[in-house]
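Data first, discussion second: the structure below is written as structure tokens.
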Amino acid sequence: MTAPTFQEMIFRLKHYWSDRGCIITEPYDMELGAGTMSPETFLRVLGPDPYRVAYVQPSRRPADGRYGENPNRLYKHQQLQVILKPSPADVLDQYLGSLEAIGIELRKHDIKFEEDNWEAPTLGAWGIGWQVMLDGLEITQFTYFQQCGGIDLDLVPAEITYGLERLASFLQNKDSLYDVEWTKGVLYKDVRFKDEQQSSVYNFELADVQMLWKLFDLHEAECRRLLDLHAKYEDKTRFPILPAYEQVLKCSNTFNLLDARGAISVTERVGVIGRVRKLAVGVAQLWNAQWESAA
Amino acid sequence: MSAPTFQEMIFRLKHYWSDRSCIITEPYDIELGAGTMSPETFLRVLGPDPYRVAYVQPSRRPARIIEEHVERRLRTAPMLESL
């Protein structure tokens, strides 16, 4: 069997999880550092309602940019994020089945689960987990989510995060992800090389540091303002929690840009992470309060 | 034939255009008012290179009552004869 193209591989994974009861959504249309930050994960893992969702999320990590010159690293890579809440008993078999669905013959390869507990300090989130190694290459992060926004989760969800470029490189046996076939006759570099190159120039050299600090302060203030309005807002069921969370996402991305620009000292770092975390925790508490008042 | 679900309909449309040589991309991860504003349209329609792409774009229009709807964007350059 010939290896699937990049887009064919994504089709198959989405179909696979769709067949297992997942809602398939488009990525969140804001700059995120990881699939976990999407409201489809961050907010939906809270509360007592079961939820199953799968989506691709372009994940922007300005400090990881390499001007398109590193064969294995990207500023913006794509993750497939799967949330199964609560985690089903056969979650591991379901995951392994997804690898077979894209053409990986498991008995011919070495699959290892290496303990790798996961933590996102800006989100007040952590979980117990493993990285999945396929012939020595990390292709997935597998986590049992324990806490989000500083809140203990009632229904422990399984979070499965695939690194799509790495997976496609493996399937197509390419040394560089830029040589991955996106669709027939079109390579990854034809679609994404310029993005990587130009974004690196901006993120490392040209982004205006003072403007970024100003943006960070503005987004933080807007989120704070909304959180403070909640107490006096009459109809709590329609209070704009999601728009408040979007301000957290803006803060987080601005923080990542400042970091790539070398504008955050080691001593400042902890404080800035704490500022974002405080907002994320505030949003999570309101979200929880909202379903409690509705129940 | 029963009507496809929302996500099944999107699968089918993406497959259809994929089979017709379109690159399928994920939406642009910034708030846009329409699919046209994505760099995959705005920049790629410029210049002499042929390009075929299809993507879903969540399109935000704050002034509308329905704040967010999903718009499907198809772009083929040059325009197909059949169109």
Side-chain angles (χ1 to χ4, degrees), chain A residues 4-19 21-35 37-38 53-60 76-81 164 181-188 190-192 194-195 198-199 240 242-243 246 249-250 253, chain B residues 4-44 46-62 65 67-77:
Chain A
T5 62
F6 186 62
Q7 71 193 36
E8 181 58 36
M9 180 188 80
I10 294 172
F11 282 147
R12 288 196 206 166
L13 287 170
K14 285 183 179 173
H15 274 296
Y16 181 87
W17 289 109
S18 176
D19 290 345
C22 283
I23 297 161
I24 307 295
T25 69
E26 297 298 318
Y28 207 64
D29 56 341
M30 277 194 180
E31 312 93 313
L32 310 185
M37 305 184 78
S38 167
V53 65
Y55 54 91
V56 173
Q57 185 64 51
S59 302
R60 298 186 183 222
K76 184 154 99 175
H77 76 289
Q78 297 185 55
Q79 299 183 338
L80 179 77
Q81 170 89 349
L164 293 174
E181 199 175 32
W182 189 299
T183 188
K184 217 164 171 292
V186 181
L187 301 183
Y188 196 89
D190 299 329
V191 186
R192 287 284 173 258
K194 272 189 188 298
D195 297 24
Q198 295 180 8
S199 297
L242 186 61
E246 291 188 334
L249 297 175
K250 293 289 182 189
N253 183 59
Chain B
T5 62
F6 186 64
Q7 70 195 39
E8 183 57 37
M9 179 189 77
I10 293 172
F11 280 146
R12 288 194 205 166
L13 286 168
K14 283 184 179 174
H15 274 297
Y16 181 87
W17 289 108
S18 176
D19 290 344
R20 278 151 191 83
S21 305
C22 280
I23 297 162
I24 307 295
T25 69
E26 298 297 320
Y28 204 64
D29 56 341
I30 283 184
E31 311 92 304
L32 309 184
T36 311
M37 305 184 79
S38 167
E40 287 295 320
T41 294
F42 183 81
L43 296 176
R44 295 285 190 167
L46 302 169
D49 295 332
Y51 202 64
R52 290 182 173 216
V53 67
Y55 53 92
V56 173
Q57 184 64 51
S59 301
R60 298 187 182 217
R61 295 174 181 177
I65 294 168
E67 186 171 316
E68 198 171 322
H69 69 284
V70 174
E71 180 171 324
R72 184 172 183 80
R73 229 26 239 183
L74 296 168
R75 187 68 222 170
T76 57

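Each chain gets a letter, A, B and so on, in the order the sequences are listed, and its residues count up from 1.
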Can you name the nearest heavy-atom pair linking I23(B) to W182(A), along with the distance?
-> CG2-NE1, 3.4 Å

Taking all non-hydrogen atoms of both residues into account, name the closest pair between P58(B) and P27(A) and its distance.
-> CG-O, 4.4 Å

At what distance, to the nearest 0.5 angstrom, does CD1 of I30(B) lie from CG of N253(A)?
-> 8.0 Å

Side chains of Y51(B) and V191(A): does their closest heavy-atom pair fall under 4.5 Å?
-> yes

Interatomic spacing from CZ in R192(A) to OG1 in T25(B) - rounded to 0.5 Å = 6.0 Å

For T5(A), enumerate each residue passing the side chain to side chain contact (heavy atoms under 4.5 Å, CB included) test, keeping only those at least two apart in sequence or located in another chain.
-> Q7(A), E8(A), E181(A)

Give the ring-plane orientation class for H15(B) versus F11(A), where under 30° counts as parallel, over 60° as perpendicular and anything between as tilted.
-> tilted

Would you mind telling me which of V56(A), I10(A), T183(A) has the largest number of heavy-atom pairs within less than 4.5 Å of chain B?
-> V56(A)

Calculate, to the nearest 0.5 Å, the distance between atoms CG and CD belonging to L80(A) and E26(B) respectively.
-> 9.0 Å

Which distance, rounded to the nearest 0.5 Å, do you find between the OH of Y28(B) and the CD of E31(A)?
-> 8.0 Å

Would you give the length of the straight line joining atom NZ of K14(A) to atom NZ of K14(B), rounded to the nearest 0.5 angstrom?
-> 3.5 Å

Can you tell me how far CG of D195(A) sits from CG of L43(B), rounded to the nearest 0.5 angstrom?
-> 9.0 Å

Heaviest contributor of heavy-atom pairs below 4.5 Å to chain B, chosen from K250(A), Q57(A), K184(A), is K250(A)

